[in-house]
Number of protein chains: 2
Amino acid sequence: MLVSEMAETHSLRLPERRRPRRTQVERRAETRARILAATIESINEIGYQRTTSAEITRRSGVTWGAVQHHFGGKDGILGAIVEDSFNDFSAGLAEAFESLPRKTSLPRRIGTFVDAAWEHFGSARYRASFEILLADSVSREARAEPERNDLSWQNEILKAWTRIWHRLFPELDLGRRRTLMIQHYTISTLSGLASLQLLAGKPPPFLRDELELLKKTLAREFRGAGSGNGKED
Amino acid sequence: MLVSEMAETHSLRLPERRRPRRTQVERRAETRARILAATIESINEIGYQRTTSAEITRRSGVTWGAVQHHFGGKDGILGAIVEDSFNDFSAGLAEAFESLPRKTSLPRRIGTFVDAAWEHFGSARYRASFEILLADSVSREARAEPERNDLSWQNEILKAWTRIWHRLFPELDLGRRRTLMIQHYTISTLSGLASLQLLAGKPPPFLRDELELLKKTLAREFRGAGSGNGKED
DNA sequence: CATTTTACATAGTACGTGCAATGAAAATGG
DNA sequence: CCATTTTCATTGCACGTACTATGTAAAATG
């Protein structure tokens with residue numbers, strides 16, 4: 001389905017007052033959102049390669065001039081998608097943390113944590129980000145461009161992850177090394193689920209059980225890791 | 001490093017008898033291997049996008065005519081990589097199974113299984129296959145080409161996986177649904193590790209520990225799943 | 001209402017990419 | 001040693017893609 005059909009499907013039948021005098025910020029926000037949505041949709045439906053500039057304009061219903069104005073170019077769209085995805089992810093984790101009553105049991109905290117994380121990794125936007133980063137990051141180091149964009153998103157995402165982690169599970173003391181290992185394992189599994197969904201074209205059939213299995217694994221690793229048990233390396 | 005430098009680094013200094021009268025099968029095998037190796041290397045180093053036909057000929061040291069002759073075109077190379085990767089994977093698992101003495105303990109069997117599986121998922125060839133499939137499979141369903149190539153590699157890989165699985169762990173009876181779930185979970189984690197390695201550009205720092213954690217998880221799930229315990233859905 | 005700024009539209013273009021077409025060299029087989 | 005097949009090399013080209021350049025409409029500003 002084309003994004004352009006979402007908001008103005010019947011606009012052809014109502015030619016009177018087609019544009020009800022929208023304000024600039026409204027226009028700006030809507031076209032930006034349409035471009036981003038169209039790009040994400042296209043990447044998920046036909047893949048990164050085939051998501052061309054023409055395809056984006058076709059799906060979004062806007063012209064290339066709009067893209068140029070708002071994002072500068074195609075790279076601008078892709079960068080914005082990755083950035084938004086990451087920001088919403090941090091916000092979502094923080095929100096899940098806030099909405100949790102004080103002194104919730106460890107398994108329950110793990111549950112909400114994994115669920116909130118999957119809210120991110122399971123989204124179409126993350127899948128798009130994944131393809132974008134994959135297509136971009138590998139080639140970036142070849143060009144020897146050390147920084148330029150979001151100064152190594154990897155460190156950023158790891159930092160945010162660790163921050164939330166420590167706030168959610170303050171009593172844990174597994175040692176820095178083991179903590180990072182379990183974090184990386186969790187990300188691997190969740191991102192792996194997302195990437196397999198990309199390859200299969202449909203969500204994993206046993207998704208819920210797999211998330212439960214991950215929770216169980218985390219719970220097991222956390223058990224017996226109360227304050228003071230960790231050994232730093 | 002260029003693949004073309006591997007075998008004929010000093011050939012410029014020994015112009016006499018440059019080509020010691022190789023047989024056809026030798027020539028064929030070598031150039032094919034060089035092309036495949038160059039493509040895999042390129043995908044891992046500079047990414048799928050930048051792995052152009054020119055880049056492949058540059059790294060392999062052969063011309064486009066050779067590629068055309070052996071693979072028909074670029075798609076031929078990519079397809080061969082995926083196919084070879086999958087075949088070697090099945091062979092590797094089977095071999096690991098054969099080399100295992102009768103009545104090995106369950107944890108040890110799990111260990112060799114995970115290690116053998118990572119031998120596959122951790123290889124540069126798999127990472128290349130992953131990018132190829134990602135770039136190709138998503139766009140294929142958009143073009144509505146139901147079969148054509150290896151008739152849904154997904155089913156094939158799942159079948160082979162299940163086949164080995166049942167030979168390695170014949171006493172398990174978790175029920176079909178739960179078995180498939182755990183398989184998918186294992187693939188997700190391993191493939192996730194591989195994809196994160198692609199994004200990071202370097203192998204995961206805690207790889208060994210993460211594999212151990214996966215083994216532990218599997219062992220725990222298998223425990224108490226002797227013959228007759230499974231419940232079919 | 002006039003002016004300035006912002007938001008979008010249209011047409012043309014430079015460039016990379018994969019490949020077709022053709023030919024030469026190398027090996028095989030008699 | 002010759003004919004045939006296999007293997008590899010060269011050149012030119014059609015095509016898609018992202019983008020530049022420039023023009024127009026719409027909203028803000030006073």
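Sequence lines set the chain letters: A, B, ... in the order given, protein chains first and strands last, and positions in each chain run from 1. The basis for the numbers below is simple: all heavy atoms, side chains too, and nothing from hydrogens, waters or symmetry mates.
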Handout entry: Carboxylate-amine/guanidinium contact A/Arg59 A/Glu41, below 4.0 Å
Key = yes

Handout entry: Under-4.0 Å side-chain N/O to phosphate OP1/OP2 contact, A/Thr31 with C/dC8
Key = yes

Practice task
Round to a whole Å and report the spacing from CD1 of B/Ile56 to C1' of C/dT17.
Solution key: 11 Å

Exercise for the section: Consider only side-chain N and O atoms of B/Thr189 and A/Ser188, and report whether a donor and an acceptor are under 3.5 Å apart. Expected result: no

Practice task
For nucleotides 19-25 of chain D, just jot down a letter per nucleotide in 5' to 3' order: B, S or -, based on protein non-hydrogen atoms under 4.0 Å.
Solution key: BBB----

Practice task
Please determine if a side-chain N or O atom of B/His69 lies less than 4.0 Å away from the OP1 or OP2 oxygen of D/dT7.
Solution key: yes

Exercise for the section: Measure the distance from CZ on B/Phe71 to P on C/dG18 and round it to the nearest whole Å. Expected result: 16 Å

Practice task
With DNA chain C as reference, determine whether B/Gln24 or B/Thr51 sits nearer its 5' end, using the nearest nucleotide of each.
Solution key: B/Thr51

Practice task
Give a yes/no answer on whether the side chain of B/Thr23 brings an N or O atom under 4.0 Å of OP1 or OP2 in C/dT28.
Solution key: yes

Completion exercise
Atom CZ of B/Arg32 and atom P of D/dT6 are separated, to the nearest Å, by 15 Å

Practice task
Establish, from distance only, whether the side-chain atoms of B/Ser191 and B/Tyr126 form a donor-acceptor pair under 3.5 Å.
Solution key: yes

Problem - For atom NE2 of B/His70 and atom C1' of D/dA9, their distance in whole Å - result: 12 Å

Fill in the blank from the handout: Between CD of B/Gln49 and C1' of D/dA18 the distance, given in whole Å, is 14 Å

Exercise for the section: Answer with base, sugar-phosphate or nothing: what part of the nucleic acid does A/Thr63 contact at a heavy-atom distance below 4.0 Å? Expected result: base

Exercise for the section: Give me the one residue out of A/Arg32, A/Arg27, A/Arg34 that meets salt bridge (Lys or Arg N to Asp or Glu O under 4.0 Å) with A/Glu30. Expected result: A/Arg34

Problem - For atom CZ of A/Arg58 and atom C1' of D/dG16, their distance in whole Å - result: 16 Å

Fill in the blank from the handout: Residues at least two apart in sequence or cross-chain that pass salt bridge (Lys or Arg N to Asp or Glu O under 4.0 Å) with A/Arg208, listed by chain then number, are A/Asp115

Exercise for the section: Please state how far atom CD1 in B/Ile35 lies from atom P in D/dT7, giving the value in whole angstrom units. Expected result: 12 Å

Practice task
For the residue pair A/Tyr48 and A/Ser42, confirm or rule out a side-chain donor-acceptor distance under 3.5 Å.
Solution key: no

Exercise for the section: Grab the CD-P distance between A/Glu26 and C/dA7 for me, whole Å please. Expected result: 13 Å

Practice task
State, yes or no, whether a side-chain contact exists between A/Phe86 and A/Ser90 at a heavy-atom distance under 4.5 Å.
Solution key: yes

